[in-house]
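Remarks on the structure that follows.
Remember, it's a predicted structure, so these values are computed and weren't measured experimentally. Throughout, protein chains are lettered first and strands after them, A, B, ... in sequence-line order, and every chain is numbered starting at 1.
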Amino acid sequence: MLDPKWLRSEPETIATLLKKKKFELDVELLKDLENARKRLQHDTEALQNERNTRSKEIGKAKAAGRDVSEILTAVEGMKRQLEHKKEELFEIQEKLKTYSLGVPNVPATEVPDGMDESDNLQISTWGRPRDFIWEVKDHVALGESLRQGLDFASAVKLTGSRFVVMRGQIARLHRALAQFMLDTHTDEHGYTEVNVPYIVNQDSLYGTGQLPKFEEDQFQIQDKDRAYYLIPTAEVPVTNLVRNEIIEPEYLPLRFASHTPCFRSEAGSYGKDTRGMIRQHQFEKVELVQIVEPTTSADALEELTQHAEKILQKLDLPYRKVLLCGGDLGFSAVKTYDLEVWLPSQHAYREISSCSLFNDFQARRMQARWRNPASGKPELVHTINGSGLAVGRTLVAVLENHQDERGNIRVPDCLRPYMNGLEEIG
RNA sequence: GGAGGGAUGGCAGAGCGGUUGAAUGCACUGGUCUUGAAAACCAGCGAGGGUGAAAGCCCUCCGAGAGUUCGAAUCUCUCUCCCUCCGCCA
């Protein structure tokens, strides 16, 4: 959520800024609602003040043993009037809130203009795609050719499309990847490992911005009296750890790394990436989350992105870093770097990590604050998160990039300790 | 699943339906005292919102949500969470 004070004082400025994100801010509606709100709130509070004063008078008069019937009749009429005003005010406030919750965060100034991913700005590349002198196999061919490997058919039987069963050394490689990522971030990058619920309530999803706008992307648990959801990313439970908290400055920055499954309905992506495990309803991810003081957040995004890059480098996977353009930027984000890994079978870079800065947008929704020593007051923190990395897609990248002519897979050095020293899968 | 008990400020813990946003203690901050510290004493010390240049003023909040009332931390209802005992279970 944007700062309501800012939204009400400079709606035109914000409207201009949001054009970069292809969002049309309804300035007129906002102004009308705001005017009504101001008037109603003033009236309501004045009325409440008067009622409070009168009620206290009654108390005093009774204590003094005086007759109160006269004041009583005077105050009685106010009750109905107050109720009416309150209702009106509540209605307007709900409208304002509903609208505000649907307004995206404003992009950073350095975010490039553009409509979609084709307008994203390449920042850097790392590594060089191998020159394959034979016809490369994609991860599906590689995984299915193994006696114990990727098994999509079984997953369809068990559940449906967009799921996978992994067996044998592939399952182990997948586990190794997650372990390796988690160990690197905790041992080398200073993150604290957290293990969190994979099911969250609505408040948590409102806090990080998935609700109310992206309800259809979530898996909701069927339960007659509980509105629970499967997490679409660890960002939700991990970031919400600080919801409704006031954090003392000595605890900042908070750095969390969490390995969880992620569940996404993928509504609206029919026919997209239907082959293989690029786009699944369930996948695993190691997520990095930082809760920081506002002045340090821009640097923290750079650092966090480098932490994610480190994983790709250790795995010897060629990738590039892009800065998302306004049109491709997510609802809550101010700025996002995507890391895209090279997939030889597609002869293209594909997203494997997304690292975003939210400034106080999520913090405001969550009421996540820190005590600023300069003011002594609670102020909103800034939040940052990024994949470090998506485990399923990393598996795909390892299989495809480290294959040999016979369809065997070289195990990257950094994973061997997790694989009992195994050098090759095949 | 069954039977009880509870939820108040950073923590502990009072609170008759009427100047209670809330006693008291601890913690914390500032001051006095002291060579310095401790102790003692004095003072301050919750959050959200509105308005205002600011000081200030006003509204709301005692787990959440409804209700009764001129007036609710205090009364009623619903829900959530926590604790104890029994049962079941990884």
If you look at every strand shown and take non-hydrogen atoms under 4.0 Å, does [X] touch a base, only sugar-phosphate, or nothing?
X      : answer
A:P378 : sugar-phosphate
A:K38  : sugar-phosphate
A:R364 : nothing

Options B:A47, B:G71, B:G49, nucleotide nearest the side-chain atoms of A:Q41: B:G49

Nearest to side-chain heavy atoms of A:R51, which nucleotide of B:A47, B:C59, B:G71: B:G71

Strictly below 4.0 Å: does [X] bring a side-chain N or O up to OP1 or OP2 of [N]?
X      : N     : answer
A:R8   : B:U51 : yes
A:R369 : B:G48 : yes
A:N52  : B:U60 : yes
A:R37  : B:U51 : yes
A:K79  : B:C70 : yes
A:N49  : B:C58 : no

[N] and [M]: how far apart are their [atom1] atoms, nearest whole angstrom?
N     : M     : atom1 : result
B:G2  : B:C79 : P     : 13 Å
B:A43 : B:U24 : P     : 11 Å
B:A73 : B:C62 : P     : 6 Å
B:U74 : B:U8  : P     : 14 Å
B:G9  : B:A47 : P     : 13 Å
B:A72 : B:G87 : C1'   : 40 Å
B:C11 : B:C45 : C1'   : 15 Å
B:A27 : B:G44 : C1'   : 14 Å

Under 3.5 Å side-chain donor-acceptor pair for A:D338 and A:S354: yes

Measure from [atom1] on [X] to [atom2] on [N] and round the result to the nearest Å.
X      : N     : atom1 : atom2 : value
A:K5   : B:A53 : NZ    : P     : 13 Å
A:E248 : B:G10 : CD    : C1'   : 8 Å
A:D360 : B:G48 : CG    : P     : 14 Å
A:L40  : B:C59 : CG    : P     : 18 Å

Which residue lies more 5' along RNA chain B, comparing A:A46 with A:Q93 via nearest heavy atoms: A:Q93

5'-most by nearest nucleotide on RNA chain B - A:P4 or A:K62: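 Nearest-nucleotide comparison on RNA chain B picks A:K62.
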
Nearest atoms (heavy-atom pairs only) where A:F283 meets A:P232: CZ-O, 4.5 Å

Ring geometry between A:H185 and A:H189 (parallel below 30°, tilted from 30 to 60°, perpendicular above 60°):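 Because their plane-to-plane angle lies in the 30° to 60° range, the rings of A:H189 and A:H185 count as tilted.
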
Geometric class of the A:F263/A:F219 ring pair [parallel <30°, tilted 30-60°, perpendicular >60°]: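 Plane angle over 60°, so perpendicular.
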
For a quick test of your reading: what N or O donor-acceptor pairs under 3.5 Å do the side chains of residues 360-373 of chain A make, sequence neighbours left out?
unit_1, atom_1, unit_2, atom_2, d
A:D360, OD1, A:R364, NH1, 3.3
A:D360, OD2, A:R364, NH2, 2.9
A:Q362, OE1, A:T383, OG1, 2.7
A:Q362, NE2, A:T208, O, 3.1
A:Q362, NE2, A:E235, OE2, 2.8
A:R364, NH1, A:M1, O, 2.7
A:R365, NH1, A:Y206, O, 2.9
A:R365, NH1, A:L211, O, 3.1
A:R365, NH2, A:L101, O, 2.7
A:Q367, NE2, A:R364, O, 3.4
A:R371, NH1, A:G376, O, 3.2
A:N372, OD1, A:A374, N, 2.9
A:N372, ND2, A:E379, OE1, 2.9
A:N372, ND2, A:E379, OE2, 3.4

Base of B:G18 paired with side chain of A:K56 (donor-acceptor, under 3.5 Å):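 It does not, because no donor-acceptor pair links the side chain of A:K56 to the base of B:G18 below 3.5 Å.
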
Ion pair A:E12/A:K31, N-O distance below 4.0 Å: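 Salt bridge flag = yes for A:K31 with A:E12.
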
Salt bridge A:D316-A:R410, side-chain N to carboxylate O under 4.0 Å: yes

Stems involving RNA chain B, each a run of at least 3 consecutive Watson-Crick or G-U pairs under 3.5 Å: B:1-7 with B:80-86, B:10-12 with B:24-26, B:28-32 with B:40-44, B:46-51 with B:56-61, B:63-67 with B:75-79

Report, one line per pair, each donor and acceptor closer than 3.5 Å where one atom sits in a side chain of residues 159-178 of chain A; sequence neighbours left out.
unit_1, atom_1, unit_2, atom_2, d
A:R162, NH1, A:K272, O, 3.3
A:R162, NH1, A:D273, O, 3.3
A:R162, NH1, A:R279, O, 3.1
A:R162, NH2, A:S269, O, 2.9
A:R162, NH2, A:K272, O, 3.0
A:R167, NE, A:D151, OD2, 3.3
A:R167, NH2, A:D151, OD2, 2.6
A:R167, NH2, A:S154, OG, 3.4
A:R172, NE, A:Y418, O, 3.3
A:R172, NH2, A:Y418, O, 3.3

Worked verdict on A:Y337 versus A:E302 for side-chain hydrogen bond (donor to acceptor under 3.5 Å, both in side chains): CA-CA 9 Å; A:Y337 290 114; A:E302 301 299 324; 2.7 Å; yes

